[in-house]
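Notes to accompany the following structure.
Atoms considered below: every heavy atom in the structure, side chains included; atoms not considered: hydrogens, waters and symmetry mates.
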Amino acid sequence: MEHVYLVVALAAIAGGFFLESMVRRATMHSLPAVPPKELDDSYAPGEFSRFIHYTRARLHFGNVQGVITSGAVFLFIALGGIGLTDFWAASLATSLGFDGFNAASMSGDIVRGLIFLVILAVLSAALGLLFSLYDTFVLEERYGFNRTTWKTFLLDRIKGAILTALLGGPLIALVIAAFHLAGSWAWLAGWAVASAFSLLMLWLGPSLLLPLFNKFESLEEGELRSDIEEYCSAQDVDVTGVFVMDGSRRSSRSNAFVTGLGSKKRIALFDTLMESLQTNEIVAVLAHEVGHYTLGHIPRTVALSLIRNAALFFLLGLALADPRLYAAFGVTGMPVAAGLVCFGLVIAPLSYVLGVVDNALSRKHEREADAYAARTLGKALNIDAGASLAGALKKLTTDNLANPSPPRIAVVLHHSHPPLLERIRSLRSQAA
């Protein structure tokens, strides 16, 4: 019976691989021969052909990455890699003076769990490094997107590793401690720890963590700043600052976002966005982002995430109490960290379904934010909001060589935003 857990995990990896292969195949076959009529005037000469070649190159890269990554993970698990890694972790914990082989020892279990997760993280990073290097310095470079230097690439990963250790280490230790100390309510204690950490990162991340990777400078006085502040004032949105972020250090791609919890918000514009869009189009993009906050999308999403995670932690509590879960993956005893990983592998199909639901909700929110921007921007600044937002979306899509009309299966499984053509048609219908 214990092998059911292992079979489910391996089936999830194989099923995920074949499903993703189907998505890439459907995307390849759906690529149009000519630009959609809505984008007839949006592609510069040769740009549509460049989009086709770029999309095909990314799909081929995804196929190769999928075969190697899924195959490596499948074999690692099938050949007992989880159990072997946990054995190494327990041995190292014991050599450090902790009772690593006794999962009932909280301190030993914490040290054993942290070592176990570090080993898996290093293996995962090593597996993904070559793909990241090729993606950044070959594929993205070939199509003119990459602006990342080797120094920046290396520093990003060093900073990410340090932050993971400083933030993730204590979190994991607290979760393991919760499952040792809270008895039958361990799942609730673990959920409370993880939820408090998530909320803290949501609050502190924009002001403390993002500046570690990017520079933020106040937007200079001028028409754009005046229009943004006038629009935000009309929507009763208290903006503590409008900043320009040096996104061009890593990529030529463009974006914008609004950060901050509570009544005060901070607006961040990629410097690449400033280069590619007109003033009214930038304001329209920001109006869309303000719509997310004004319509309560962020707290609603956070609340749903907390509720969903409570259910997952409840299932986790049941799974961690089942010795068969550990035995299925060759793990000795019942160490919490190994149980977390095993549970994550077994629950992967449910996580996939939840991801589909999350994407559907996100697309709904995006459509609502588009409608909000179209409805409010014209009143506040006398701007043709629909045309401005549609123009911005067209430029962002064509400049980034994004797919304006992906197949439905790709949208359902992966897209948090509606396809471009759907958004343009919706904006036009609202204007009519």
Side-chain angles (χ1 to χ4, degrees), residues 23-24 27-28 30-36 38-66 128-157 159-160 210 213-217 224 243-257 268-279 281-282 284-286 389-407 410 414-417 419-421 423-424:
V23 172
R24 289 190 290 269
T27 302
M28 184 75 77
S30 72
L31 292 175
V34 295
E38 290 90 346
L39 301 177
D40 280 339
D41 58 346
S42 299
Y43 289 100
E47 278 298 286
F48 185 75
S49 176
R50 183 165 165 261
F51 151 68
I52 295 295
H53 289 300
Y54 174 72
T55 303
R56 288 174 176 167
R58 290 221 64 90
L59 292 172
H60 288 310
F61 174 63
N63 285 332
V64 173
Q65 185 178 18
L129 181 59
L130 287 179
F131 295 116
S132 295
L133 288 170
Y134 181 86
D135 188 17
T136 302
F137 295 105
V138 178
L139 188 53
E140 293 291 284
E141 184 82 29
R142 182 188 304 160
Y143 289 91
F145 290 123
N146 179 51
R147 295 181 183 176
T148 302
T149 64
W150 284 93
K151 178 181 177 181
T152 299
F153 183 88
L154 181 61
L155 286 177
D156 280 350
R157 272 139 191 84
K159 291 176 184 177
L210 284 180
F213 295 88
N214 291 96
K215 293 181 180 179
F216 292 81
E217 297 181 352
L224 176 58
F243 299 89
V244 178
M245 192 188 89
D246 62 339
S248 59
R249 286 183 58 210
R250 294 173 176 80
S251 174
S252 63
R253 300 180 186 276
S254 303
N255 205 346
F257 55 91
L269 308 169
F270 280 38
D271 52 2
T272 48
L273 189 79
M274 309 280 290
E275 299 169 0
S276 59
L277 301 186
Q278 299 175 3
T279 297
E281 293 172 335
I282 296 175
V285 171
L286 262 297
L389 184 55
L393 293 173
K394 286 182 181 181
K395 288 181 181 178
L396 292 175
T397 297
T398 55
D399 288 350
N400 295 335
L401 299 183
N403 194 339
S405 185
H414 298 306
H415 285 232
S416 59
H417 289 60
L420 172 66
L421 297 187
R423 297 177 74 176
I424 291 176

Suppose we screen for salt bridge (Lys or Arg N to Asp or Glu O under 4.0 Å). Which residues come up paired with [X], at least two apart in sequence or across chains?
{"X": "D156", "result": "R250"}
{"X": "R142", "result": "none"}
{"X": "R24", "result": "none"}

Let me see the working for R157 and T152 under side chain to side chain contact (heavy atoms under 4.5 Å, CB included), right down to the final yes or no. CA-CA 9 Å; R157 272 139 191 84; T152 299; over 6 Å; no
Partner residues of [X] under the side chain to side chain donor-acceptor pair (under 3.5 Å) criterion, sequence neighbours left out:
{"X": "R423", "value": "D370"}
{"X": "R56", "value": "none"}
{"X": "H417", "value": "E366"}
{"X": "E281", "value": "K395"}

Close side-chain approach of M274 to L269, heavy-atom, < 4.5 Å: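 Yes, their side chains come closer than 4.5 Å.
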Side chains of M28 and T55, heavy atoms from C-beta outward: is any pair under 4.5 Å?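 Sidechains of T55 and M28: no contact.
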Any idea which heavy atoms bring [X] and [Y] closest together, and the distance?
{"X": "T148", "Y": "F153", "answer": "CG2-N, 3.7 Å"}
{"X": "L133", "Y": "W150", "answer": "CD2-CZ3, 3.5 Å"}
{"X": "P406", "Y": "P404", "answer": "CD-C, 3.8 Å"}
{"X": "P36", "Y": "F48", "answer": "CD-CE1, 4.5 Å"}

Could I get the full list of ring pair (Phe, Tyr, Trp, His ring centres under 6.0 Å) partners for Y134, not counting sequence neighbours?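 By the ring pair (Phe, Tyr, Trp, His ring centres under 6.0 Å) rule, Y134 matches F61.
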For F131, all residues meeting ring pair (Phe, Tyr, Trp, His ring centres under 6.0 Å), sequence neighbours excluded: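 Not a single residue meets the ring pair (Phe, Tyr, Trp, His ring centres under 6.0 Å) criterion with F131.
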For the side chain of S30 and the backbone of T27, is there at least one donor-acceptor N/O pair under 3.5 Å apart?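 Between the backbone of T27 and the side chain of S30 there is a qualifying donor-acceptor contact (under 3.5 Å).
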Between T398 and K394 (side chain of the first, backbone of the second, donor and acceptor by atom type, cut-off under 3.5 Å), is there such a pair?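 Side chain of T398 to backbone of K394: a pair is present.
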Using the test side-chain contact (heavy atoms from CB on, under 4.5 Å), find all partners of F243 that sit at least two apart in sequence or belong to another chain.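 In terms of side-chain contact (heavy atoms from CB on, under 4.5 Å), with neighbours along the sequence ignored, F243 is linked to F216, S218, R266.
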Using atom types as modelled, flag every donor-acceptor pair under 3.5 Å from a side chain in residues 38-45 to any protein atom, sequence neighbours excluded.
unit_1, atom_1, unit_2, atom_2, d
E38, OE2, R425, NE, 2.8
E38, OE2, R425, NH2, 3.0

Test side chain to side chain contact (heavy atoms under 4.5 Å, CB included) on V285 and L393; report intermediate values, then the result. CA-CA 8 Å; V285 171; L393 293 173; 6.0 Å; no
CG of D399 to OG of S276: how many Å apart, nearest 0.5 Å?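 Going from the CG atom of D399 to the OG atom of S276 covers 5.5 Å.
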Would you compute the distance between atom CG of L396 and atom CG of N400 and round it to the nearest 0.5 angstrom?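 Reported value, rounded in 0.5 Å steps: 6.0 Å.
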Looking just at side-chain N and O atoms, do E140 and N146 make a donor-acceptor pair shorter than 3.5 Å?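 No - no donor-acceptor pair under 3.5 Å links their side chains.
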Please evaluate residues T397 and F51 with respect to the criterion side chain to side chain contact (heavy atoms under 4.5 Å, CB included), reporting the C-alpha separation (whole Å), side-chain torsions for both, the decisive distance (0.1 Å), and the verdict. CA-CA 10 Å; T397 297; F51 151 68; over 6 Å; no
When you look at T279 and I282, which way does the side chain to side chain contact (heavy atoms under 4.5 Å, CB included) test go after all the steps? CA-CA 5 Å; T279 297; I282 296 175; 5.8 Å; no
Any salt bridge (Lys or Arg N to Asp or Glu O under 4.0 Å) pairs touching residues 129-139, not counting sequence neighbours?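 Checked against salt bridge (Lys or Arg N to Asp or Glu O under 4.0 Å) - neighbours excluded - the pairs reaching residues 129-139 are R58-D135.
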